[in-house]
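One structure is given below, encoded as structure tokens.
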Amino acid sequence: MTQPTDIRRERASRPRALDLYSCAGAAAKGYERAGFAVDGCDIADRPNYPFPYHRGDALEYLAHLITTGEIRRYAFVHASPPCQDKCSLTVGTNRSRGWGGTHEDLVAPTRDLLDQTGLPYVIEQPNGRARIRKDLTLCGEMFGLGVIRHRNFELGGWTAARLAHIPHRGRVRGYRHGAYYDGPYVAAYGNGGGKPTVPELQTAMGITWTDVREELTEAIPPAYTEWIGRAFLASRTLEAAA
């Protein structure tokens, strides 16, 4: 039986990753599978987060870690700033309804602080108008998942090979303009229009530790960050061997 001291010893032997805007920990779970010990930070209460976690404003917390020098505990930082301001799912709707202007774009201030850390990092955003470099674009089909969920990643201070995009096998299941379409993927957003059940979302995304729909629909599949984490660790191994 694994004892708490064994768990602490294993965490201490792993490189540490900081997971900002962590939500319920889907990105963190991928990094943990890749070989990191992960600490999270989110402004909301996240009782389902599976790792040590700080509740608070991500930018304030990161600034605190930089000022105190505690940031040196970490080898890598992942940040998923809120995307409602520039996400393609909301940009068109906001324009058509006369909405918008209430969501703050946190990408630029997050990047500024991440650059101050001197650490390698990732900024994740969905398709849309967010001003990030699309150094990587990942899709559920690349990992055999039941969602499409395109996500873009800006890599700061390191590089990784781009994965080739794999053609989709069909449509996302659900209603479009009053017509129902079947397909091999479920829609991991919203509630109406033939959206999947929570168990279907969990299976499609590869997430088992939360059954909160809002947390599932905001998440990225852990397979994405497991791939990124492994790519980062492999890049450091190659550098050390050179």
Checklist entry - Going by atom types alone, do D19 and Y53 pair a side-chain donor with an acceptor below 3.5 Å? => result no

With a 3.5 Å cut-off and no angle check, do the side chains of H64 and E70 form a donor-acceptor pair? yes

| task | Under the side chain to side chain contact (heavy atoms under 4.5 Å, CB included) rule, what do D42 and R55 come out as? Steps first, then yes or no, please. | result | CA-CA 5 Å; D42 197 274; R55 182 178 180 183; over 6 Å; no

Go through E124 and Y224 one step at a time and tell me if the side chain to side chain donor-acceptor pair (under 3.5 Å) criterion holds.
CA-CA 11 Å; E124 174 266 325; Y224 292 12; over 6 Å; no

task = Carefully, step by step, assess Q202 and T208 under the rule side chain to side chain donor-acceptor pair (under 3.5 Å).
result = CA-CA 6 Å; Q202 291 174 310; T208 59; over 6 Å; no

Six-ring centre of Y74, R16 cation under 6.0 angstrom, axis tolerance 45°: yes

Check E218 with R213, please: is the shortest side-chain N to carboxylate O separation under 4.0 Å? no

- Query: Should the pair R46-E215 be classified as a salt bridge under the 4.0 Å nitrogen-to-oxygen rule?
  - Reply: yes

Next on the checklist: Angle between ring planes, F232 versus F76, binned at 30° and 60°: parallel, tilted or perpendicular?
Outcome noted: tilted

Item to complete: Can you label the angle between the Y61 ring and the H54 ring as parallel, tilted or perpendicular, going by 30° and 60°?
Response: parallel

In terms of hydrophobic clustering (I, L, V, M, F, W, Y; side-chain heavy atoms under 4.5 Å; direct or indirect links), are [X] and [Y] co-clustered?
X: V212; Y: F51; answer: no
X: F36; Y: I207; answer: yes
X: V107; Y: Y121; answer: yes
X: L136; Y: M142; answer: yes
X: M205; Y: V38; answer: yes

Report yes if the side chains of [X] and [Y] come closer than 4.5 Å at any heavy-atom pair, otherwise no.
X: P15; Y: L233; result: yes
X: C139; Y: R149; result: no
X: L65; Y: L18; result: yes
X: K29; Y: E226; result: no

Taking atom [atom1] of [X] and atom [atom2] of [Y], what is their separation to the nearest 0.5 Å?
X: L145; Y: L138; atom1: CG; atom2: CG; answer: 10.5 Å
X: S22; Y: D39; atom1: OG; atom2: CG; answer: 10.0 Å
X: L216; Y: E200; atom1: CG; atom2: CD; answer: 12.0 Å
X: L20; Y: L106; atom1: CG; atom2: CG; answer: 11.5 Å
X: L163; Y: I228; atom1: CG; atom2: CD1; answer: 9.5 Å
X: I132; Y: I123; atom1: CD1; atom2: CD1; answer: 7.0 Å

How close do [X] and [Y] get, heavy atom to heavy atom, and via which atoms?
X: A24; Y: T210; answer: CB-CG2, 4.2 Å
X: P196; Y: A187; answer: CD-O, 3.1 Å
X: G30; Y: T225; answer: CA-OG1, 3.3 Å
X: V147; Y: P221; answer: CG2-CG, 4.2 Å
X: H168; Y: E141; answer: CD2-CB, 4.4 Å
X: V198; Y: D211; answer: CG1-O, 3.6 Å

>> Strictly distance-based, threshold 3.5 Å: is any side-chain N or O of R14 a donor or acceptor partner for the main-chain N or O of E32?
In response: yes

task = Run the numbers on Y21 and T110 for side chain to side chain donor-acceptor pair (under 3.5 Å), then give the verdict.
result = CA-CA 10 Å; Y21 312 99; T110 298; 2.7 Å; yes

Results of side-chain contact (heavy atoms from CB on, under 4.5 Å) for [X] - residues two or more places apart only:
X: R133; value: D135, E154
X: T137; value: K134, N152, R162
X: R176; value: R171, V172, Y181, Y189

inquiry  = Could you check, using the six-membered ring where one of them is a Trp, whether Y31 and H78 have ring centers closer than 6.0 angstrom?
reply    = yes

Report task. Please say whether more than 12 non-hydrogen atoms of neighbouring residues, nucleotides or ligands are located less than 6.0 Å from CZ in R236. Result -> yes

